[in-house]
Each structure stands twice: as structure tokens, then as C-alpha cells.
Amino acid sequence: MPELPEVEVTRRGFADRIAGASIESVRLGKPLRWPLGIEPSKLVGRKVVAVRRRGKYLLIDLDRGLLLLHLGMSGSLVFTPALAVAGAHDHFDLVTSRGALRLNDPRRFGAVVHAASESAPEAVKLLGKLGVEPLTEGFAIEAFHAGLKRRKAPVKQVLLAGDLVVGVGNIYASEALFIAGIRPTLSASRISRPRAARLLDAIRQVLARAVETGGSTLRDFSNTDGQAGYFQLEAMVYDRKGQPCRVCGTPIRQIRQGQRASYLCPRCQKS
DNA sequence: AAAAGCCCCTGGATGC
DNA sequence: TGCATCCAGGGGCTTT
């Protein structure tokens with residue numbers, strides 16, 4: 001589910017509300033992708049300082065240490081004054097003096113991991129190879145083009161890999177490539193400098209718009225107040241197999257790359 | 001170093 | 001209605 005926009009919408013939904021709170025209790029449900037890495041009772045009494053985002057990870061800074069939280073494919077967070085009885089897929093509760101944060105994640109590809117600091121091995125393992133933040137960091141077109149040039153894999157898969165630019169997942173990779181007029185199968189190394197510039201611009205444009213619209217809700221994503229996003233209503237190609245291209249009317253095609261679906265307009269994305 | 005495949009897991013849609 | 005199969009917003013890990 002969650003790509004950069006969904007994670008950012010989630011972050012904005014509770015960051016200010018939880019900042020300054022002290023942790024009162026922690027409840028774990030079924031195991032997530034990785035163990036928490038700390039005895040839950042040791043978190044009690046610590047204070048939440050801030051909530052940041054790095055790629056698709058949320059970083060919950062505590063006055064001592066931090067929690068790295070990932071939503072995986074099916075995760076979502078709610079932040080409420082008081083928690084209801086935990087459901088079958090509620091696998092992590094962080095109860096604080098200002099409200100409770102709850103992770104619901106049916107597939108359990110998500111994770112909450114404690115790290116003593118951002119430079120601790122547990123954090124570096126997860127964050128160390130991440131690429132540039134497309135929305136907030138100055139990403140020179142030279143660096144982006146150079147990064148593409150040294151990769152022979154299809155550009156779609158290079159975008160998904162996350163080591164060049166972070167936050168672009170399966171929906172927004174297809175969307176950005178459509179906007180830039182680039183075929184997802186094109187080898188990244190063959191993208192010219194002007195086209196790389198268009199692609200970078202398209203990535204920023206589509207991610208920013210998706211944040212504005214509350215992200216994409218295909219199945220189960222919702223923000224921390226339980227509300228759905230509606231970017232999917234604006235999607236140009238994603239999940240639109242066989243439907244007419246919104247620009248030229250040609251039926252949208254679906255292909256498979258690395259066991260994931262890609263969508264494209266064969267006419268608007270000629271190469 | 002880079003690329004390709006393989007998993008982790010549950011639930012909804014589809015087909016027989 | 002029942003059951004099998006396929007597919008899904010991710011990404012770390014292992015193997016080429």
C-alpha cells in the first residue's frame with residue numbers, strides 16, 4: 001500500500017499531536033517482519049520528541065533512542081485519544097499521555113524496530129542504502145542522470161529499488177513514467193539528460209499531488225483518522241488496464257516487470 | 001557492483 | 001456454496 005505520499009500523509013496526521021507525549025504502555029500483537037528489539041517495558045516513561053519520515057520509513061524520535069516504523073504492504077496507523085479493543089490485525093500499540101498510536105497490518109510485512117540512535121546498526125541496516133528524498137532534498141539533475149546512466153535495468157525497476165531516489169513505489173513509478181513519456185521497460189542507462197530531467201520533475205509532481213490528495217486508497221489505506229485518500233481517482237495509468245488513456249484514448253496496457261505490474265500507454269510512452 | 005528471484009503473510013477477486 | 005488459484009501500495013536476503 002504505502003508509498004511516500006501515504007507515509008507522509010500518515011506522518012502529518014499524528015506528528016504534532018504526539019510530540020511531547022510520554023509513553024505509558026506498549027502492546028505487541030502477532031510478530032511483524034522483525035522483532036521490536038527492545039523490551040517493551042523499557043520504553044515506558046520515554047518521551048516522543050518528533051516524528052520524521054525517511055523514504056517509506058517513519059522515524060519516531062524519543063528522548064532516548066528512536067522507533068523505525070514501516071507500513072509494509074498493508075499497514076496503516078490510527079491515532080486516537082482512547083483505543084478500542086485490539087482487533088485481529090492490530091499488532092502494535094503505543095499508548096502515550098496524548099493519545100494512542102495503533103498499527104493495523106493484516107499481512108504483517110510492516111515492522112516497528114527500536115534503535116539506540118540513527119547511526120546504530122539496526123537503523124543503518126534499514127536506512128543506510130536509501131537514495132535521495134525527492135520532495136525535500138535538492139536533487140541535482142546531474143546526479144540523477146548519472147545514477148540512471150550506471151544502471152542497465154529497466155527504469156521502472158531502478159525507481160522501485162529506492163537506492164537512487166526514495167519513496168517511489170509501484171503506483172507512482174508507473175504514474176511518473178507516464179507523465180514523463182518514458183516506457184517502463186527502457187534501460188535506465190539509455191535515458192538522455194533532458195528526459196531524465198523530465199522524469200525527475202514528474203516524480204516530484206506526482207508525489208506532491210498525491211500528498212495533497214491524501215494518498216491512494218486501493219484496498220485498505222487510510223490516514224491516522226481513518227479517512228481514505230483519493231489520488232487513485234486521478235491516476236493516469238495505474239490499475240487502468242484496458243481503459244482509455246486520458247490523453248490519447250489508446251487502451252492502457254499492463255505488463256509484468258520483476259513480478260510486479262506496470263501500466264503504460266503504448267502511444268504516449270513510445271520509448 | 002548490479003540484477004534477478006524468492007520469500008515473508010492475509011484476504012479479496014476470480015474461475016471452475 | 002465450496003475450493004483452488006492468482007494477485008496485491010514492499011523490500012531484505014540470497015544467488016547469479
Side-chain angles (χ1 to χ4, degrees), chain A residues 1-11 29-35 37 53-58 68-77 87-92 103-113 121-131 146-177 185-189 203 206-207 209-211 213-223 228-235 237-241 254-263:
Chain A
M1 159 208 20
E3 304 182 32
L4 183 153
E6 292 75 27
V7 177
E8 179 60 19
V9 165
T10 297
R11 189 193 69 80
K30 285 190 185 179
L32 294 163
R33 179 163 191 174
W34 296 294
R53 181 189 54 73
R54 178 75 180 100
K56 299 172 188 169
Y57 285 92
L58 286 174
L68 306 176
L69 196 154
H70 199 288
L71 298 175
M73 286 279 267
S74 59
S76 60
L77 290 176
H89 302 305
D90 295 328
H91 300 305
F92 176 81
L103 172 67
N104 180 276
D105 185 6
R107 292 177 71 180
R108 292 190 280 126
F109 290 171
V112 185
V113 175
E122 313 84 72
V124 171
K125 185 181 86 168
L126 300 180
L127 307 177
K129 288 184 179 168
L130 294 183
L148 290 175
K149 273 185 92 168
R150 68 175 79 101
R151 305 285 283 271
K152 292 192 173 173
V155 57
K156 159 89 171 346
Q157 288 168 261
V158 171
L159 293 181
L160 287 186
D163 49 3
L164 185 56
V165 55
V166 295
V168 181
N170 212 38
I171 297 178
Y172 303 111
S174 281
E175 292 298 309
L177 287 165
T185 48
L186 180 65
S187 170
S189 63
I203 289 168
V206 75
L207 293 179
R209 177 61 185 160
V211 171
T213 55
S216 296
T217 298
L218 269 58
R219 285 168 191 78
D220 45 20
F221 174 72
S222 60
N223 67 21
Y230 52 93
F231 180 85
Q232 70 282 1
L233 302 177
E234 301 184 4
V237 291
Y238 185 82
D239 208 18
R240 296 194 67 241
K241 176 185 180 182
Q254 177 183 2
I255 61 174
R256 280 195 94 70
Q257 296 181 279
Q259 25 267 79
R260 325 250 347 232
S262 299
Y263 298 86

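As a basis for the values below, the full set of heavy atoms in this structure was taken, side chains included, without hydrogen atoms, waters or symmetry mates. As the structure is a computational prediction, the values presented were derived from the model and not from experiment. Sequence lines set the chain letters: A, B, ... in the order given, protein chains first and strands last, and positions in each chain run from 1.
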Enumerate all atom pairs, one protein N or O and one N or O from nucleotides 11-14 of chain C, separated by less than 3.5 Å.
unit_1 : atom_1 : unit_2  : atom_2 : d
C/dG11 : OP1    : A/His70 : NE2    : 2.7
C/dG11 : OP2    : A/Lys56 : NZ     : 3.0
C/dG12 : OP1    : A/Tyr57 : OH     : 3.0
C/dG12 : O4'    : A/Arg33 : NH2    : 2.9

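Using a 4.0 Å cut-off between charged side-chain N and carboxylate O, A/Arg11 and A/Glu8 make a salt bridge.
Listed for the A/Glu3 side chain is a donor-acceptor partner under 3.5 Å among the backbone atoms of A/Ile171. At least one donor-acceptor pair under 3.5 Å links the side chain of A/Glu175 to the backbone N or O of A/Val237. The closest donor-acceptor contact from the side chain of A/Ser174 to the backbone of A/Tyr263 lies under 3.5 Å. Between the side chain of A/Gln232 and the main chain of A/Thr217, a donor-acceptor pair closer than 3.5 Å is present.
If you check every strand for non-hydrogen atoms under 4.0 Å, A/Gly258 touches nothing. Looking at heavy-atom distances under 4.0 Å, A/Lys129 makes no contact with the nucleic acid at all. Residue contacts shown for A/Tyr238 are limited to sugar-phosphate atoms, with no base heavy atom under 4.0 Å away. Counting non-hydrogen atoms under 4.0 angstrom, A/Ala161 reaches nothing in the nucleic acid.
How far CZ of A/Phe231 is from CD of A/Glu6: 9.0 Å, rounded to the nearest 0.5 Å. Summarising the geometry, atom OG1 belonging to A/Thr185 is positioned 9.5 Å from atom CG belonging to A/Leu177; distances are rounded to the nearest 0.5 Å. With rounding to the nearest 0.5 Å, the separation of CZ in A/Arg54 from CG in A/Leu4 is 10.0 Å. Interatomic distance, CZ of A/Arg108 versus NE2 of A/His89, reported as 9.0 Å (0.5 Å rounding). Note that CG of A/Asn223 is 7.0 Å distant from OG1 of A/Thr10, once rounded to the nearest 0.5 Å.
In this structure, A/Arg107 places its CZ atom 10 Å from P of C/dA8, rounding to the nearest Å. Following rounding to the nearest Å, A/Glu6 (CD) and C/dG10 (P) show an atom-to-atom distance of 9 Å. Whole-Å rounding puts the A/Leu159 CG to C/dG10 P distance at 12 Å. Between the CD atom of A/Gln254 and the P atom of C/dC7 there is a distance of 9 Å, rounded to whole Å.
Of all nucleotides in DNA chain B having an atom under 4.0 Å from a heavy atom of chain A, the first and last in 5' to 3' order are B/dA2 to B/dG11.
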Dot-bracket assigned to DNA chain C with the 3.5 Å Watson-Crick/G-U criterion, [ ] for crossing and | for other-strand pairs, is .|||||||.|||||||
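Taking each heavy atom of A/Tyr57 and A/Leu130 in turn, the nearest pair found is CD1-CD1, 4.3 Å.
Nucleotides B/dG11 and C/dG11, compared at atom P, are 22 Å apart to the nearest Å.
With DNA chain B read from its 5' end, the first of the two nearest nucleotides for A/Asp163 and A/Ala88 is the one closest to A/Asp163.
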